[in-house]
Amino acid sequence: MKFVLLYLINMMLLSTNPPDFVLEYHEALTKEKELQFIEKYENDSDVDIQAYVISFKMKQAKYELLPWNKVKVFNRYKNRLDKLIAIYGNNIHLRYVRLVIQENVPSFLNYNSDIEKDKAFLIKMMNHKDKVDYMDAYIVKNTSI
């Protein structure tokens, strides 16, 4: 009986809803919504949030007119994302965002060398219960996992 009660309490604590920034990120389907998200969160120091801000900043390259400006914007934020991952390699949000980007950018940008590593990390994270289980559905829906 105690075991069942402890199990239920543990499951309630672990099954949290996604934070607002994750919901807002996935609901931002226009350039304007992306810019609003960036403005709202760009000064937040939380690494989880910065993953999504950087993602949208990289995506802004798509709206540049000149090809070399597109590449310049993309690379500036790609480097920032990769630096954060070098520091916080076990952060599910950073690795998820990088995988989504790498699977969706044109191949000529040559940003695909970490796909298999990120997939393996995310699969490992999905295979155990933790406080970020809400990410599992996003990972399955938005990546090739």
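Note that these values count all heavy atoms, side chains included, but never hydrogens, waters or copies made by symmetry. The model shown is predicted, which means the values in this text are computed figures rather than measured ones.
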Electrostatic pair Lys40-Glu24, nearest N-O below 4.0 angstrom: yes
Side-chain (Asp114) to main-chain (Lys117) donor-acceptor, under 3.5 angstrom: no
Centroid separation Phe21 to Tyr25 less than 6.0 Å: no
Validation row: Met126, Met135 side chains within 4.5 angstrom (heavy atoms): no
His26 and Tyr96 aromatic ring geometry - parallel, tilted or perpendicular at 30°/60° bounds: tilted
Check: Lys129 main-chain N/O paired with Asp133 side-chain donor or acceptor under 3.5 Å: no
NZ/NE/NH1/NH2 to OD/OE distance under 4.0 Å, Glu64 and Lys72: no
Near-ring test Tyr111/Phe74, centroid separation under 6.0 angstrom: yes
Salt bridge Arg98-Asp82, side-chain N to carboxylate O under 4.0 Å: yes
Exercise: do Glu34 and Tyr63 side chains pair donor with acceptor under 3.5 Å: yes
Side-chain donor or acceptor of Thr143 paired with backbone N/O of Ile139 under 3.5 Å: yes
Check: Ser144/Lys119 side-chain N/O donor and acceptor closer than 3.5 Å: yes
